[in-house]
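For reference, the structure discussed in these notes is given below.
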Amino acid sequence: MRIKHPALLRLTGMFGAWILRFWTCSQRVRYSISDPLMDPRRRHRPCIYVCWHECLLMPVGLFAQRRFAVLASRNRDAEWLSQIMHWLGSRVVRGSTSRGAVRATREMLRNASEMSLATAPDGPHGPRRRVQPGVIYLASRTGLPIAPFGFGYRRPWRARSWDRFVLPRPFDVASCVAGQLIWVRPEAGADEREQYRALLQKELERVQLEADHMVNGAARP
């Protein structure tokens, strides 16, 4: 959605936040989170929450008010989504995992020691379900562990976009599955960061498959 006037952006962002909160809260969500310290519904350790770009709607609607800084791209189309996240109670870092986010995120973490970061490691342009190296670099610079999450939906609508973005049906069943925390060594070199990237790729695939099984009994591509 491309809206240029600042006042109109704020207004549509406010209404969009109300609609999104109602839409996601109508879901009957099944949770599988073994570590209570990474549960976004309650007080949790600061970390970098990640899920596939196509699944962003659910966590933004459910958890945005829980002291998160959400990483949003710098393009014009992302401004409307940034307004929605602002009205939901999240702080927004404008940039990508590779451009402009590290300095702003570190500043937020100095001012709010319990702030977590949320991003999609395959966004903002893909390829779909392919972890990009930027999130590994971000974890090494901030010292925060990466918390991979999968979200499953029953009979969702999907956009004809590069990521097949998910719009869950209201009042339907969804799932939220947490994986294992991944700690990236601050001094990790390029080869080691690639190993972390491959580990995160594998863990995200695992939790997404588990989330799909929770609501459908079989994985959906």
Task: Steps toward salt bridge (charged side-chain N to carboxylate O under 4.0 Å, His left out) verdict (D39, R45) - done: CA-CA 9 Å; D39 192 334; R45 64 159 56 97; over 6 Å; no
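- Classified by interplanar angle (parallel below 30°, tilted 30° to 60°, perpendicular above 60°), the ring pair F15/W18 is perpendicular.
- Ring geometry, F22 versus F171: the interplanar angle exceeds 60°, so the pair is classed perpendicular (tilted spans 30 to 60°).
- Side-chain contact between I146 and I136 is present, with heavy atoms from C-beta onward closer than 4.5 Å.
- Of all heavy-atom pairs spanning R41 and F63, the tightest one is CG-CE2, 3.7 Å.
- Shown here for F151 and M58, the closest heavy-atom pair between the two residues is CD2-CG, 3.8 Å.
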- [ ] Mind running side-chain hydrogen bond (donor to acceptor under 3.5 Å, both in side chains) on H53 and D163 for me, showing each step along the way?
- [x] CA-CA 7 Å; H53 194 274; D163 60 349; 2.6 Å; yes
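- Under the 4.5 Å side-chain criterion, counting only non-hydrogen atoms from C-beta, R141 is not in contact with P186.
- Q27 and P168 make their closest contact through OE1-CB, 3.8 Å (heavy atoms, listed as atom of the first residue, atom of the second, distance).
- Between D35 atom CG and L181 atom CG the span is 6.0 Å, to the nearest 0.5 Å.
- Counting heavy atoms from C-beta outward, W162 and P127 have side chains that stay 4.5 Å or more apart.
- Hydrophobic cluster membership differs between I33 and L37, with clusters built from Ile, Leu, Val, Met, Phe, Trp and Tyr side chains linked at under 4.5 angstrom.
- Taking all atoms of both residues into account, the shortest heavy-atom contact from S116 to P46 is OG-CA, 3.3 Å.
- Under the 4.0 Å criterion applied to side-chain N and carboxylate O atoms, E54 and R128 are assigned as salt-bridge partners.
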- [ ] Just do the side-chain contact (heavy atoms from CB on, under 4.5 Å) check on S175 and H213 with the steps written out, would you?
- [x] CA-CA 9 Å; S175 62; H213 272 285; over 6 Å; no
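- Remark: side-chain polar atoms of E192 are not paired, donor with acceptor, to backbone N or O of V184 under 3.5 angstrom.
- Within the 4.5 Å cutoff, side-chain heavy atoms of P148 are placed close to those of L200.
- In this structure, W183 CH2 and C47 SG are separated by 8.5 Å, a value rounded to the nearest 0.5 Å.
- Inter-residue side-chain proximity for R30 and C176 is flagged as unmet; no heavy-atom pair is nearer than 4.5 Å.
- In this structure a side-chain-to-backbone donor-acceptor pair under 3.5 Å is present from Q132 to R130.
- In this structure, CH2 in W157 is found 15.5 Å from CZ in R164, a value given to the nearest 0.5 Å.
- Salt-bridge annotation for E205 and K202: absent, with no side-chain N of the basic residue lying under 4.0 Å from a carboxylate O of the acidic one.
- Test V166, D172, V215 against P156 for side-chain contact (heavy atoms from CB on, under 4.5 Å) and you get one pass: V166.
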Open item on the list: Does Y49 form a side-chain contact (heavy atoms from CB on, under 4.5 Å) with L117? I'd like the steps, not just the answer.
Closed with: CA-CA 6 Å; Y49 284 95; L117 180 66; over 6 Å; no
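- In this structure a side-chain-to-backbone donor-acceptor pair under 3.5 Å is present from N216 to Y153.
- When side chains are defined from C-beta on, R185 does not count as touching R193, because their heavy atoms never get closer than 4.5 Å.
- The hydrophobic cluster containing V60 also contains L57, counting ILVMFWY residues as joined when their side-chain heavy atoms lie under 4.5 angstrom apart, directly or transitively.
- One finds the CZ atom of F149 at 9.5 Å from the OH atom of Y31 (value rounded to the nearest 0.5 Å).
- Considering all non-hydrogen atoms of both residues, P121 and V50 come closest at CD-CB, 3.8 Å.
- Under a cut-off of 6.0 angstrom, the local environment of CD in Q201 is crowded, with over 12 non-hydrogen atoms contributed by other residues, nucleotides or ligands.
- In this structure, the side chain of E203 engages the main chain of Q180 through a donor-acceptor pair within 3.5 Å.
- The closest side-chain heavy-atom distance from L167 to F165 is not below 4.5 Å.
- Considering only heavy atoms from C-beta on, L204 comes within 4.5 Å of V131 through its side chain.
- In terms of heavy atoms, P59 sits closest to C51 at CG-SG, 4.0 Å.
- By the criterion of side-chain heavy atoms lying less than 4.5 angstrom apart, applied directly or through intervening Ile, Leu, Val, Met, Phe, Trp or Tyr residues, V173 is not grouped with L209; the two fall into different hydrophobic clusters.
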